[in-house]
Enquirer: 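Below is one structure. I have some questions about it.
All ligand and atom numbering here is 1-based and tracks the order in the structure. No hydrogens, no waters, no symmetry mates; every other heavy atom, side chains included, goes into these values. Predicted model only: the values in this text are computed from it and were never measured.
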Amino acid sequence: MKQTIVIATSNPGKFAELSEMLDLEQSVQWKSLSDFDGLVEVEEDGHAFIENARKKAIGYAKQTGQWVIADDSGLMIDALDGDPGVHSARFSGAKDADRTLIDHKNIAKILELMKDVPTQKRTARFVCALCIATPERILLETQGSLSGVIIENELGTNGFGYDPIFWVTEKNKTAAQMTSQEKNTVSHRGNALKKLKPLLREILKKS
Ligand code: ITT
């Protein structure tokens, strides 16, 4: 029998990305939060990515009665003591409904805060934490990261969030200059999923 796993997002893009990258369709029936009515939103108020991923996975597993996979991710900049970190999504405080506008304001705030930071001190990393929980317990947790440098101007139009100012040295381009496939091979989310996949396969074999 197929194991149902709920991906803790209502965002169709993230649902497609996670279910495709996990690529275990044979043994898993993927669902999203949109398949359930009356769910109470689990607040992401933890101090670390893994805390938020854990909170969402457990919270939605209890509400749906199913296994749930949840993620939290963001950008950590060394010169800003790890900020924007868990506040990445709304670092500028912008409450606009338009995600592109929020991203633009977040980037503007970072560039302003870092205007006097020299190149060699502009190191940063994207981090992604993943957690799978049943209604009873945490089954699996993994983390992945991608190191880079914050550049002084936006470059590239692909991706989202901080991608246009995130220079990936090993690729000699920003994350916004990569196709989504290319980004998946090096990204924090891709790395966390690569670690999770064999562990999940083992658990599914036993269940
Ligand atoms: P959810 O509804 O799934 O929570 P979200 O936009 O909050 O969507 P995340 O928690 O994964 O997504 O990421 C928080 C923020 O971190 C996100 O809004 C971006 O600003 C930034 N971020 C995360 N991953 C990124 C990536 O691959 N490229 C650029 N920015 C990223």
Enquirer: Around atom CG of D81, are there more than 12 heavy atoms from other residues, nucleotides or ligands closer than 6.0 Å?
Expert: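 No, CG of D81 has 12 or fewer neighbouring heavy atoms, counting only those of other groups under 6.0 Å.
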Enquirer: Please write down residue, atom name and distance for the protein heavy atom closest to atom 23 (C) of ligand 1.
Expert: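 The closest one turns out to be S73 OG, 3.3 Å.
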Enquirer: Assess whether a salt bridge exists between E112 and K109, defined as any Lys/Arg side-chain N lying under 4.0 Å from an Asp/Glu carboxylate O.
Expert: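 Salt bridge between E112 and K109, a charged N being under 4.0 Å from a carboxylate O: no.
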Enquirer: Just jot down the ligand 1 atoms closer than 4.0 angstrom to any heavy atom of R99, in number order.
Expert: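 Every atom of ligand 1 under 4.0 Å from some heavy atom of R99: 18 (O).
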Enquirer: So, 4.0 Å and heavy atoms of E44: is ligand 1 close enough to count as a contact?
Expert: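 It does; at least one heavy atom falls under 4.0 Å.
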Enquirer: Which protein non-hydrogen atom lies closest to atom 7 (O) of ligand 1, naming both residue and atom, and how far is it?
Expert: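 Of the protein heavy atoms, A89 CB, 3.9 Å lies nearest.
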Enquirer: Flag the pair D72 and K55 as a salt bridge only when some basic side-chain nitrogen lies within less than 4.0 angstrom of an acidic carboxylate oxygen.
Expert: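 No, no charged N to carboxylate O under 4.0 Å.
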Enquirer: Side chains of N158 and D163: closer than 4.5 Å at any heavy-atom pair?
Expert: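 A side-chain contact is absent here, since even the closest heavy-atom pair is not under 4.5 Å.
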Enquirer: Below 4.5 Å, heavy atoms only, C-beta onward: do L22 and I69 meet side chain to side chain?
Expert: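 Contact flag for L22/I69 side chains = yes.
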Enquirer: Looking only at protein heavy atoms, which one is nearest to atom 3 (O) of ligand 1, and how far off is it?
Expert: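 That would be K14 NZ, 2.5 Å.
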Enquirer: Under 4.0 Å from ligand 1, counting heavy atoms only, is it the side chain of F166, its backbone, both or neither?
Expert: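 None of F166 does.
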Enquirer: Can you tell whether the side chains of E51 and R54 come within less than 4.0 Å, N to carboxylate O?
Expert: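 Between R54 and E51 there is no salt bridge, as every charged N stays at least 4.0 Å from the carboxylate O atoms.
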Enquirer: By number and element, which atoms of ligand 1 are closer than 4.0 Å to a non-hydrogen atom of G161?
Expert: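 Counting from 1, the qualifying ligand atoms are 20 (O), 29 (C), 30 (N).
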Enquirer: Run the numbers for me: atoms of ligand 1, each under 4.0 Å from some heavy atom of D163, listed by number.
Expert: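 Ligand 1 atoms under the 4.0 Å threshold to D163: 26 (C), 28 (N), 29 (C).
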Enquirer: Got a sec: does the CZ of R125 have more than 12 other heavy atoms crowding it under 6.0 Å?
Expert: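 Counting other residues, nucleotides and ligands, CZ of R125 stays at 12 neighbours or fewer.
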Enquirer: Go through ligand 1 atom by atom and flag the ones less than 4.0 Å from a non-hydrogen atom of K183.
Expert: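 Counting from 1, the qualifying ligand atoms are 26 (C), 27 (O), 28 (N).
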Enquirer: Counting only heavy atoms from other residues, nucleotides and ligands, does the tally under 6.0 Å from CG of D98 exceed 12?
Expert: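 Check passes, neighbour count above 12.
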Enquirer: What protein heavy atom lies closest to atom 22 (N) of ligand 1? Include the residue and the distance to one decimal.
Expert: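 The answer is F160 CE1, 4.0 Å.
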Enquirer: For the pair N106 (side chain) and A89 (backbone), establish whether a donor and an acceptor sit closer than 3.5 Å, ignoring hydrogens and angles.
Expert: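 Pair found, side chain donor or acceptor close to backbone of A89.
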Enquirer: Without swapping roles, check the side chain of T9 against the backbone of F15 for a donor-acceptor pair under 3.5 Å.
Expert: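 Side chain of T9 to backbone of F15: no pair is present.
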Enquirer: Identify the closest protein heavy atom to atom 10 (O) of ligand 1: which residue and atom is it, and at what distance?
Expert: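 The closest heavy atom on the protein side is D72 OD1, 3.2 Å.
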Enquirer: At what distance is the nearest protein heavy atom to atom 20 (O) of ligand 1, and which residue and atom is it?
Expert: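 Closest protein heavy atom to atom 20 (O) of ligand 1: Y162 CE1, 3.2 Å.
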Enquirer: Looking at atom 16 (O) of ligand 1, what's its closest protein heavy atom, distance included?
Expert: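 It is S88 CB, 3.3 Å.
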Enquirer: Quick one: does H188 get an N or O within less than 3.5 Å of an N or O on ligand 1?
Expert: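 There is such a contact, yes.
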Enquirer: Which protein heavy atom lies closest to atom 24 (N) of ligand 1, and at what distance to 0.1 Å?
Expert: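 Among all protein heavy atoms, the one nearest atom 24 (N) of ligand 1 is R189 NH2, 2.9 Å.
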